[in-house]
There are 2 protein chains.
Amino acid sequence: LIQVARLGKDYPLVGGGVTPVLRDIDLSIAPGEFVAIMGPSGSGKSTFMNILGCLDTPSVGVYHLAGQSVATLDSDRLAELRNRHIGFVFQGFNLLQRSSIVDNVGLPLLYAGVGKAERRRQAQSLLEQVGLGHRADARPNQLSGGQQQRVAIARALANQPPLILADEPTGNLDTQTSTEIMTLFRRLNAEQGITLILVTHEPDIARYARRLVRFKDGHIVHDGEVRL
Amino acid sequence: LIQVARLGKDYPLVGGGVTPVLRDIDLSIAPGEFVAIMGPSGSGKSTFMNILGCLDTPSVGVYHLAGQSVATLDSDRLAELRNRHIGFVFQGFNLLQRSSIVDNVGLPLLYAGVGKAERRRQAQSLLEQVGLGHRADARPNQLSGGQQQRVAIARALANQPPLILADEPTGNLDTQTSTEIMTLFRRLNAEQGITLILVTHEPDIARYARRLVRFKDGHIVHDGEVRL
Ligand SMILES: Nc1ncnc2c1ncn2[C@@H]1O[C@H](COP(=O)(O)OP(=O)(O)OP(=O)(O)O)[C@@H](O)[C@H]1O
Ligand SMILES: Nc1ncnc2c1ncn2[C@@H]1O[C@H](COP(=O)(O)OP(=O)(O)OP(=O)(O)O)[C@@H](O)[C@H]1O
Ligand SMILES: [Mg+2]
Ligand SMILES: [Mg+2]
């Protein structure tokens, strides 16, 4: 499903020049895998996830998604991939502040052309799966940090995408709620074959995965067993 | 230092009416204490921290800070308390997006009337304490999630406030960086007697504290030993 070869990413530096943030990344992920990504703060995990999610482009190297080189796709095709085939849980949630959470969760369904009543029904059901059905009409800023994180998770599940990229999805959640979310993810992976790539810094969360990729200074330094 | 009695907080509900978010909170914290606050997502921890930090007011009950009833203070005195005597690490960081991180960290010093060169010097030193001295001129959106969290921590330490309120300060940090931050907090508490109140959902982080307060549905259900 995902083929990354010799991938690198530079960012411009404030004083001029560039800083390499990802270097020489080789990675291959098959459909249905459940992969945990770990690594120190600033090691490049979110940058890598943004490239996988077609939200950013590499400076060098190739990224093939479902057999297609992402660099060759036009912007319509990229938008379609992002909105309908990839579910993204952002480290910063990225919710629309002026919309209700049921509208936020329904946004990928809107992009998929789903009608209004059906969007509301599906979004309500997703909110119930993360324990927030009773707050459907609330705005994000009327919710706690962990509640907003759960809205971001529910939105990523809309459209039942074949690939879910989750960047620290339990960072603001207590142990009980984290377990509920990880149990949900594990079920989606086991029952529907959804490919799941999850960034976390908590070993207890990483243990739900079947493969661990470790980043350090923009490189992959481990790729294999989840032995924590 | 902190005396809370019969404190409650309601929020207006979207459909009309109110929802109680905090109820009948009694709590007393002496100077120099190191308290961890835990509880499920949505149980009222951040709401309580905002009231302690003089950013919000209770609906009922009293809050005395350093012997003064906060409800009786005028807005100038409240602003002075917030900017000079309390350091707040927000769950959502709350950094100014259009300022460099060294200016962000220097903001409390500006409120304290510290001159420009001295502000820069102190802010640079604080950034170095959290491992970000080399990124002083970066904007927050040029940093990783964990780096932004560390800028928020550094800013809370400016002015060496006698009280630090930290709302999930390690939520986006890997184990190594979390340990560095908690070691820094423990040293400030042990050597300078700074009172530290820290919300976390991770038992490993709570264990640095000497007292644990547990929230559930807006109530305090445990207040005592950190036995996790
Ligand atoms: N402005 C608001 N209007 C309505 N309800 C609110 C508002 N702000 C917070 N709430 C509600 O108050 C409750 C407590 O929120 P709070 O942010 O204090 O929880 P928390 O314990 O910090 O949770 P978390 O661990 O998820 O950060 C939640 O149910 C939240 O939805
Ligand atoms: N727009 C940008 N300009 C310059 N540098 C950037 C930019 N965005 C990210 N970086 C840098 O790239 C590096 C990797 O960032 P990234 O967000 O991928 O880290 P991360 O592994 O997700 O960290 P965390 O665990 O703290 O979330 C960091 O040093 C960061 O400061
Ligand atoms: Mg990140
Ligand atoms: Mg909170």
Side-chain angles (χ1 to χ4, degrees), chain A residues 11-15 19 21 38-47 49 90-93 100-102 130-132 134-150 167-168 170-178 180-181 199-206 214-216 228, chain B residues 11-15 19 21 38-47 49 90-93 100-102 130-132 134-150 167-168 170-178 180-181 199-206 214-216 228:
Chain A
Y11 276 119
L13 265 180
V14 169
T19 180
V21 161
M38 298 185 87
S41 176
S43 54
K45 309 179 296 295
S46 296
T47 301
M49 293 285 270
F90 292 93
Q91 190 170 7
F93 318 152
S100 67
I101 61 170
V102 69
V130 298
L132 287 170
H134 61 299
R135 301 295 303 275
D137 295 312
R139 297 279 177 287
N141 68 358
Q142 293 172 327
L143 298 183
S144 76
Q147 289 168 337
Q148 293 180 36
Q149 190 154 36
R150 282 182 272 157
D167 196 346
E168 312 232 21
T170 63
N172 281 290
L173 300 178
D174 57 278
T175 315
Q176 165 83 17
T177 317
S178 294
E180 288 166 19
I181 293 297
V199 172
T200 182
H201 65 258
E202 292 190 54
D204 283 352
I205 299 298
R214 267 195 196 282
F215 277 74
K216 187 169 154 62
L228 289 162
Chain B
Y11 276 119
L13 265 179
V14 169
T19 181
V21 161
M38 298 185 87
S41 175
S43 55
K45 307 179 296 295
S46 295
T47 301
M49 293 286 270
F90 292 94
Q91 188 169 9
F93 317 151
S100 66
I101 61 169
V102 70
V130 298
L132 287 169
H134 62 298
R135 302 294 303 275
D137 295 312
R139 297 280 178 289
N141 68 359
Q142 293 172 327
L143 298 183
S144 77
Q147 289 168 337
Q148 293 180 36
Q149 191 155 37
R150 282 182 272 156
D167 197 346
E168 312 231 20
T170 61
N172 281 290
L173 301 177
D174 57 277
T175 316
Q176 166 82 17
T177 317
S178 294
E180 288 166 18
I181 292 298
V199 173
T200 182
H201 65 259
E202 294 189 55
D204 282 352
I205 299 297
R214 268 195 194 282
F215 276 74
K216 188 168 153 66
L228 289 162

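Numbers restart at 1 for each chain; the letters A, B, ... are given by sequence-line order, proteins then strands. All values derive from a computational prediction rather than experimental measurement.
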Which atoms of [X] come close to chain B, meaning under 4.5 Å heavy atom to heavy atom: side chain ones, backbone ones, both, or neither?
X: A/S41; answer: both
X: A/Q176; answer: neither
X: A/T177; answer: side chain
X: A/T170; answer: backbone
X: A/R150; answer: side chain
X: A/Q142; answer: side chain
X: A/Q148; answer: neither

Return the option, out of [options], with the maximum number of heavy-atom pairs under 4.5 Å with chain A.
options: B/G145, B/P203, B/S100; value: B/G145
options: B/T200, B/D137, B/L173, B/L13; value: B/L173
options: B/N172, B/D167, B/T175; value: B/N172

Checklist entry - Can you tell me if B/K45 uses its side chain to pair, donor with acceptor, with the backbone of B/P40 under 3.5 Å? => result yes
Item to check | Under 3.5 Å: donor-acceptor pair, side chain of B/Q149, backbone of B/E168 | outcome: yes
Checklist entry - Considering all heavy atoms of both residues, which atom of B/I101 and which atom of B/A136 are nearest to each other, and what is their separation? => result CG1-O, 3.3 Å
Item to check | Pairs of heavy atoms under 4.5 Å with chain B: top-ranked of A/G131, A/S178, A/S144 | outcome: A/S144
